[in-house]
Amino acid sequence: MEERYNPHKIELKWQERWEENKIFKTKIEKDKPKFYELEMFPYPSGKIHMGHVRNYSIGDVIARYKRMKGYNVMHPMGFDAFGMPAENAAIEHNLHPETWTRENITTMTKQLKRMGFSYDWDDVVITSDPEYYRWEQKLFIEMLKKNMVYRKKAEVNYCPNCQTVLANEQVIDGRCWRCGGEVTKKEIDEWFFRITDYAEQLLKDMEQIRGGWPERVLIQQRNWIGKSVGAKVKFKVFGKNEVLEVFTTRPDTLFGATFMCIAPDHPLLKKLVKGSSYEERVRRFTEKFLKTKDIKEKEGVFTGIYAENPVNGEKIPLYAANFVLLEYGTGIIMSVPAHDQRDFEFAKKYNLPLKVVIYKEGVIPKDGKLMEAYEGEGILINSGQFNDLPSEQGKWEITKWLQEKGLAEKTVNYALRDWNVSRQRYWGAPIPVVYCKRCGIVPVKEEDLPVKLPEDAPLTGEGGSPLKRVESFVKTRCPKCGGEAERETDTFDTFVESSWYFLRYVSPHEKDKAFDKEKAKYWMPVDQYVGGIEHAIMHLLYARYFTKVLRDLKYIDIDEPFKRLLTQGMVIKDGAKMSKSKGNIVDPDYIVEKYGADTSRLFILFAAPPEKDLDWSDKGVEGSYRFLNRVWRIVYRYKDVCKSKGRVAELKEEKSRRLHYLTHFTIKHVTEDIEKRYHFNTAIARLMELTNAIYEYNYEGKEEDKVAIGEAIRTLVMLLSVFAPHIAEEMWEGIGEKPFVSDQCWPEYDEKALVKETIKMAVTVNGKVRDEIEVEKDATEEKIRELALNSTRIQKYIQGKELKKVVVVKHRLVNMVVR
RNA sequence: GCCGAAGUGGCGGAAUUGGUAGACGCGCUAGAUUCAGGAUCUAGUGGAGGUUUUUCUCCGUACGGGUUCGAGUCCCGUCUUCGGCACCA
C-alpha cells in the first residue's frame, strides 16, 4: 500500500487479479442459496452513458453484497444487439450493422470492465449472434404450431418516395425522416403474438410479484392491460340483414341509448352505406378522418342507418364518429348521452335526444335537463320492468335478460392488443417461415435453423425491406414439398430478444437448446432485476408474457421471471435529462480518467437513492473523491496497527468503547440500508461517519486503542468494498489481510456492542425541546419522570403552572403538558 | 381529463412503526499549516431577533384546516412541478 491513493494503478491491478482468479465466475454450488442478480442489458449504441453507470453500479452493490452474505451469485452481462440504430449507421456511414455493432460492443465491454463490475465476462450473451437467435426462431415455430402466433393485416407508416416502411420514430410531423416526403398508411400482412390470450394471467400473476415490484409499475401494467367487464349487445339494423354489435360496460343504461356510433374506418360502415345517398358523405368523412388522426373535437356524420334497441325496440340512428376506436371493443358503440360525457358532448353538437335512465337524488334535476352526463350509480328509471333497481344490479339483470334472448353476452374486454412482431428491417432476427405457392405458410425445419441474416443486403433506407432484395435469401425451397418458395423477409421486433435473454444466461454456451432446463430450474427466477423505469410496460410485460409461454411449452415451470424489480431514476444535469441536444452530457470516460471508477461509482450511489432522479454535480464527485482519499490516508496511518491484531478481554476506556459501539452501529445500519431499502446513499453516509470517528479518535498506542482502531478499520474496508471495491481490495491487502476482500464474509454486528449503559432523552414542555437528560438504560418510568421534573431548566418552564400530564416514551423523550 | 410520484436550508439529500427536523455530502465563513497557491487539518454554518462571554426567545418541512401530550410523517381540502395514459365505450 502506497502512501498516496492512485486510483488508476490499483483499479487496473485488481481488475486483473479478479479476472485471473475468476472470482466472479458463475457456477452451481448446491450448498449455498442462489441469488440471480440481473441488470437490463444495454443496447450497444456506441459508448456507455451515466445511466448505464448508475444502473450497473446499483446492481453491482447488490451482487457483491449477496456474495459476501454467502449466496451463490449469478451476475451476467450481455448486449441487446439488434436494432434500428445499427441500420441507420449503415445507411449514413456505409458501415455494416454487424461491424458497427461489434465495434460498439468492444468499446462498451472495455468501459464496463474498467468500472470493475463483478460480471462473469466469459458468459456474455449477444442477441445478434445466430447462436442466440436460432433458439428464438425455434421457439417461434413452436408457438406457430400451437396457434400462439398468427398473421393479420396491419397498418404501417409508408413513405411512397423512399418506397419503404417507416418506424414511428422515423416519422417526424407526418413526414419521412430521410426525404421529408409525406408519410402515408399502408396495410400489410404481419405476424402477431397472441399476448391477449394471456391478459388475464398477466393481471392475476401480479399477486405473485406484489411487494417485490414497485407498485406504480404494476399499476401502469394494469392500466395498459385495461381490463373491463361488460357485455356485447346486438342491435339489428332496420331494413338490412345486418347486426351492429357493441361492447358496453354499462348495460344498465341500455334504455337510455338514443343513437349509435361506428368508427369511420370500420369495414362494416362501407358496406352499410353502399349505394345509398349517404355513401358519398360518409366516404368523405372517413377520408378526412384517416388524414388527421389526432382529434381535436368530436365530429360525426349520419349514415342513414337505423338500428333497433334490443331492450325497447326503439329506432335509433347510426353515426360515423371520429372518437370511436376501431381497435377497441367492436368498433361500434351505443351512445347514452345522459350517462356518458363523450356521448353527451356529441349529442349536444348534433342535437340528439337525451334520455335519463339512472336517477340519483340531488344530481339529476327534476326537469331532466343535465349540464353534463351523470356517470355514477343510482336507481334505474325509464327502464321498463327494471325500474327501481339499483344500477349495479340492473347491469347484470338486463344482460341476463338479453342473453336469454340471444341478444347479449357477458364479456371481458382488454385494452391490450396482440403484439405485432414483424419489422420490415434488416438488422433483426429473421422470422423463420417460407411461403410456398402450393403449401402456403410453412415453418423452416428445425435442422435448418438458424435462418441466418445474409451479409450483403443493400442498406440504403429506400426500396423496401432490405432482405426482400437479396435474391439468394428470398429464393428457397419449400420445406414441405420441395418446390420453389420464398422466405419471409421481415425480422423480429427486438423486444422479442430481450424477452428471454435472462434465460439464455443460465447456459450461454449451450449448443443443443435454448437453455439448460436444470440450470434454469436452479437459477430462475431472477431474484433482483434492476433497470430504467422507461421499461415499465413494454419490456417487462413482454418478458412476463414470454415466461408464461415458455412455461406452457414446458421449457420452465415458473410463472414470473423477476421476483423483485428496482427501477432507477434518470441521471439529470442542470434540471434536464442528459442529451446531446441539450449539451449537458457527462462522459463516464472523462470521470473515470480524472477520479477513477471507485469515485464514479461512489458518487452515483451517494447522490440520491436509486429510484429517484439523480442530479449530477461535478462538485459532488470531488466530494466522493475526497472521501476515498480520506479513507485511504487514515487506513495508511493505521495499517501497522491493524496488522498487530491485538486482543483484550474487554474495552475499558470511554473512547474505545465508543468507537466499538459506532463500528457495530455502522454494520447494523449499512446492512439494513442495503438489505431493506437499497438506500445506498445513507449507507455511504454511515461509512463517512465511521471514518470521521476514526479521525477523531485519540490514539495513544495502547493495546485497547489498537483493538478498537483495528476493528473499526477492518469493518470500514469490508463495508466499503461493495461500493468502491478496488480501493477496498488495496487497503485490505495494505492492512495485512489476505485477498480478496470481495470474498470475505459480510461482517455481523454484535448485539451486545449496541447496548448503551445510559441513554440521552429529550425533555419537552408542550412539545418544545427544553432540556436533555441522561438516564440508565433500564431506568423505570417513574425514575425518568423524576429526573426530568428535577431538571432546573425544566423547572423554569413549569413553575407556577398547572402540570396536566407527563408523557414518558422510553429511550426517546419526556413531554410535559402544562397550562 | 384520468392514473402515478414528489414538494424539507444556498444545493444534493437525511429523519424505523407519529417522538430532539436538517444526518452525510457540496458550497460558504474563519483559523492552523505554507514564501504563496492548491491540498490537508480544525471549528462554524436553517431564518429572524435579544445578549454582544458559554446563553436565551420566536419562526420554520408548498399552502389552509383537523386529529394528537406531540405531526415532515396520519386525515380533509387547495396549489405547484414532474412522469405515464390520453376519447378504452
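Scope of the values below: all heavy atoms of this structure, side chains included, with no hydrogens, waters or symmetry mates. In what follows, chains carry the letters A, B, and so on, assigned in the order in which the sequence lines appear, proteins first and then strands, with residues in each chain numbered from 1. If you're wondering where the values come from, they're calculated on a predicted model, not measured in any experiment.
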Task: Among C69(B), A14(B), U16(B), the one nearest P609(A) by side-chain distance - done: A14(B)
Open item on the list: Under 4.0 Å, heavy atoms only, any strand: does D613(A) hit a base, just the sugar-phosphate, or nothing?
Closed with: sugar-phosphate
Open item on the list: Categorize L813(A) for me: base, sugar-phosphate, or nothing, with a 4.0 angstrom heavy-atom threshold over every strand shown.
Closed with: base
TODO: Determine the contact category for V806(A): base if any of its heavy atoms lies under 4.0 Å from a base atom, sugar-phosphate if only primed atoms, P, OP1 or OP2 are that close, otherwise nothing.
DONE: nothing
Open item on the list: What's the closest nucleotide to the side chain of K768(A) if the choices are C59(B), G25(B), C87(B)?
Closed with: C59(B)
Open item on the list: Measure CZ/F680(A) against C1'/G25(B) and give the value in whole Å, please.
Closed with: 18 Å
Task: Anti versus syn assignment for G9(B), with syn defined as within 90° of 0 - done: syn
- [ ] Scan A607(A) against the nucleic acid and name what it touches under 4.0 Å (heavy atoms): base, sugar-phosphate only, or nothing.
- [x] sugar-phosphate
Open item on the list: The side chain of K619(A) is closest to which nucleotide in this list: A89(B), U16(B), G27(B)?
Closed with: G27(B)
TODO: Could you work out the separation of G50(B) and G1(B) based on their P atoms and round it to a whole Å?
DONE: 49 Å
- [ ] Taking the six-membered ring for Trp and the single ring otherwise, decide whether the centroids of F259(A) and F346(A) are under 6.0 Å apart.
- [x] yes
Open item on the list: For Y5(A) together with Y636(A), are the ring centres under 6.0 Å from each other?
Closed with: no
- [ ] Search all heavy atoms of Q221(A) against all heavy atoms of L540(A) and return the closest pair with its distance.
- [x] NE2-CB, 3.5 Å
TODO: Pick the C1' atom in U34(B) and in U40(B), then give their distance to the nearest Å.
DONE: 11 Å
TODO: Measure from the side chain of A608(A), starting at C-beta and using heavy atoms only, and say which of G13(B), G25(B), A15(B) lies closest.
DONE: G13(B)
Open item on the list: Checking contacts here: which listed nucleotide (G19(B), C85(B), U42(B)) is nearest the side-chain heavy atoms of N815(A)?
Closed with: G19(B)
TODO: Quick one: label N322(A) by what it contacts on the DNA or RNA (base, sugar-phosphate, nothing), any heavy atom closer than 4.0 Å.
DONE: nothing
TODO: Starting at atom CZ of F323(A), determine the distance to atom C1' of A86(B), rounded to an integer number of angstrom.
DONE: 15 Å
- [ ] Remember a base hit wins even if backbone is also touched, and classify R417(A) as base, sugar-phosphate or nothing at under 4.0 Å, heavy atoms.
- [x] base
- [ ] For R194(A) and F192(A), indicate whether the former's side chain and the latter's backbone hold a donor-acceptor pair under 3.5 Å.
- [x] no
Open item on the list: Taking the minimum atom-to-atom distance to the side chain of Q220(A), which one of G84(B), G19(B), A89(B) wins?
Closed with: G84(B)
Open item on the list: Can you tell me how the ring of W419(A) sits relative to the ring of Y542(A), calling it parallel under 30°, perpendicular over 60° and tilted otherwise?
Closed with: parallel
Task: Which nucleotide in C87(B), U40(B), U20(B) has an atom nearest any side-chain atom of L325(A) - done: C87(B)
TODO: Would you mind classifying the nucleic acid contact of S617(A) as base, sugar-phosphate or nothing, using non-hydrogen atoms under 4.0 angstrom?
DONE: nothing
Open item on the list: Regarding C87(B), can its base be found pairing with the side chain of K298(A) as donor and acceptor, where the two atoms are less than 3.5 Å apart?
Closed with: yes
Open item on the list: Show the nearest heavy-atom pair for residues F285(A) and E299(A), with the distance to one decimal.
Closed with: CZ-O, 3.5 Å
Open item on the list: For a quick check of understanding: with a heavy-atom distance under 4.0 Å over all strands, which category does R686(A) fall into, base, sugar-phosphate or nothing?
Closed with: nothing
- [ ] Return the nearest nucleotide to the side chain of R633(A); candidates are G70(B), C41(B), U20(B).
- [x] C41(B)
Open item on the list: I'd like to know if the side chain of K234(A) and the backbone of L244(A) have a donor-acceptor N/O pair within less than 3.5 Å.
Closed with: no
Task: Length of the line joining N692(A):CG and U42(B):P, which is rounded to integer Å - done: 8 Å
Open item on the list: Taking the minimum atom-to-atom distance to the side chain of N223(A), which one of C88(B), C58(B), C3(B) wins?
Closed with: C3(B)
Open item on the list: Of the options U20(B), A89(B), C3(B), whose atoms approach the side-chain atoms of V769(A) most closely?
Closed with: U20(B)
Open item on the list: Once you apply a heavy-atom cut-off of 4.0 Å, does R342(A) come out as touching a base, just sugar-phosphate, or nothing?
Closed with: base
- [ ] Identify whether any heavy atom of R4(A) sits under 4.0 Å from a base atom; if not, whether one sits that close to sugar-phosphate; answer base, sugar-phosphate or nothing.
- [x] nothing
- [ ] Looking at every strand, decide which applies to N681(A) at a 4.0 Å heavy-atom threshold: base, sugar-phosphate, or nothing.
- [x] sugar-phosphate
TODO: May I ask you to say what Q341(A) touches in the nucleic acid, namely base, sugar-phosphate or nothing, with a heavy-atom cut-off under 4.0 Å?
DONE: nothing
TODO: Whole angstrom is fine here: how far is it from CE in M260(A) over to P in A89(B)?
DONE: 16 Å
- [ ] Determine the contact category for G329(A): base if any of its heavy atoms lies under 4.0 Å from a base atom, sugar-phosphate if only primed atoms, P, OP1 or OP2 are that close, otherwise nothing.
- [x] nothing
